[in-house]
Amino acid sequence: MTKLELLPAVDVRDGQAVRLVHGESGTETSYGSPLEAALAWQRAGAEWLHLVDLDAAFGTGDNRDLIAEVTGAMDIKVELSGGIRDDASLAAALATGCTRVNLGTAALESPEWVAKVIAEHGDRIAVGLDVRGTTLRGRGWTRDGGDLYETLARLDSEGCARYVVTDIAKDGTLQGPNLELLRDVCAATDRPVVASGGVSSLDDLRAIAELVPLGVEGAIVGKALYAKSFTLEEALAAVSA
Ligand SMILES: O=C(O)c1ccccc1NCC(=O)[C@H](O)[C@H](O)COP(=O)(O)O
């Protein structure tokens, strides 16, 4: 069976690695240098890094230079997220040498541009489906952006390569992933799905790994690693068994 990929997260706000609760601005807990955090995950055996520019996502500036520095320092694959919404921000993100970018707001507000960049960049573009219930949220998860399944059908028809699916109610809460949502999304698309939000334990990762045959390809892990609920080495061992 194909193993579940793990993507440890480094979310950057005002130059610091942070974790938020429900992705809400103002709920930050700081964990120091993003570069140190990313290097630590790489040393621990990560094959992927999920790197988020929260300021760009919230529209409170950006950490573009730092994101480029961290990405450039990695020997592993990097998924970049946060505030990639137009030609300039996409070009800057892709120029870091990242493996792929994750578009969120743009998929809701600029569907024609997203269809164009999917056609141009193929597998280097993923779309983040960030939901409360089945309603998508954009602009740093602060604004409603339409129905999950209607948007998924549109993006599928445009050739979107994969989706990063986040239940915002779970994100940063250590309450466990929304397995039902992941199953439902996998039933609605044949594209790979990366699960995000809420992982709290090795059992949560094993439960997500059971969804690999349905189409779940990877899992992003943030808070649980920073809170030392388990180590990345333990997580990698748990999903490779
Ligand atoms: O990814 C974004 O663009 C984003 C925008 C606004 C708020 C949060 C955002 N991402 C958060 C993440 O990707 C988290 O790192 C990830 O969901 C991990 O969650 P958890 O394991 O629950 O800490």
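When a ligand or atom number is given, it counts from 1 through the structure's own listing order. We use all heavy atoms of the structure for the numbers below, so side chains are in, but hydrogens, waters and symmetry mates are not. Counting begins at 1 with the first residue of the sequence. Since the structure is predicted, the reported quantities are computational estimates derived from the model, not experimental observations.
At least one side-chain heavy atom of Leu90 sits under 4.5 Å from a side-chain heavy atom of His121. Residues Thr151 and Val127 fail the side-chain proximity criterion, which asks for heavy atoms closer than 4.5 Å.
Nearest protein neighbour of atom 17 (O) of ligand 1, counting heavy atoms only, is Asp171 OD1, 2.3 Å. The protein heavy-atom contact nearest to atom 10 (N) of ligand 1 is Trp141 CZ2, 3.6 Å. In terms of protein heavy atoms, atom 21 (O) of ligand 1 is closest to Gly222 N, 2.9 Å. In terms of protein heavy atoms, atom 13 (O) of ligand 1 is closest to His50 NE2, 2.8 Å. Atom 16 (C) of ligand 1 has its closest protein heavy atom at Ser196 OG, 3.2 Å.
Remark: ligand 1 and Leu54 share no N or O pair separated by less than 3.5 Å (distance only, no angle test). The shortest N or O to N or O distance between Gly198 and ligand 1 is under 3.5 Å. Taking distance alone, with nitrogen or oxygen atoms compared against 3.5 Å, Arg19 approaches ligand 1 more closely than that limit.
Residue contact check: Gly82 has heavy atoms under 4.0 Å from atoms 3 (O) of ligand 1. Counting the atoms of ligand 1 from 1 in the order shown, those under 4.0 Å from a heavy atom of Ala9 are 15 (O). Those atoms of ligand 1 that come under 4.0 Å of a heavy atom in Ser81, given as number and element, are 1 (O), 2 (C), 3 (O). For ligand 1, the atoms sitting less than 4.0 Å from at least one non-hydrogen atom of Lys223 are 20 (P), 21 (O), 23 (O), numbered in the order shown with element in parentheses. Taking every non-hydrogen atom of Ile220 and a distance limit under 4.0 Å, the qualifying atoms of ligand 1 come out as 16 (C), 18 (C). Proximity to Gly172 (heavy-atom distance under 4.0 Å) selects the following atoms of ligand 1: 20 (P), 22 (O), 23 (O). Within ligand 1, counting atoms from 1 as listed, the ones closer than 4.0 Å to a heavy atom of Ala57 are 5 (C).
The distance from the CG atom of Leu49 to the CG atom of Leu7 is 8.0 Å, given to the nearest 0.5 Å. Taken to the nearest 0.5 Å, the CG atom of Asp65 stands 12.0 Å off from the OG1 atom of Thr96.
Taking the charged nitrogens against the carboxylate oxygens, Arg43 and Asp75 have no contact shorter than 4.0 Å, which rules out a salt bridge. Here Glu79 does not pair with Arg162 in a salt bridge; the nearest charged N to carboxylate O distance is not below 4.0 Å. Ion pairing between a basic and an acidic side chain is recognised when a charged N comes within 4.0 Å of a carboxylate O; Arg139 and Glu109 show such pairing.
Of the possible polar contacts, none joining the Tyr31 side chain to the Asp11 backbone as a donor-acceptor pair under 3.5 Å is found. No donor-acceptor pair closer than 3.5 Å links the side chain of His50 to the backbone N or O of Pro8. A donor-acceptor pair is defined here as one N or O able to donate and one able to accept, closer than 3.5 Å; no such pair exists between the side chain of Thr189 and the backbone of Cys186. In this structure, Arg124 contributes its side chain and Cys98 its backbone to a donor-acceptor pair below 3.5 Å.
Neither the backbone nor the side chain of Asn102 comes within 4.0 Å of ligand 1, counting heavy atoms alone. Only the side chain of Asp11 comes within 4.0 Å of ligand 1, judged by heavy-atom distances.
Assignment of Ala224 to the shell around ligand 1 is not supported, since no heavy atom sits closer than 4.0 Å. Using 4.0 Å as the threshold, Gly197 has a heavy atom nearer than that to some atom of ligand 1.
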### Verdict with reasoning, Arg143 to Thr105, per side-chain hydrogen bond (donor to acceptor under 3.5 Å, both in side chains)
CA-CA 9 Å; Arg143 283 195 218 158; Thr105 302; over 6 Å; no
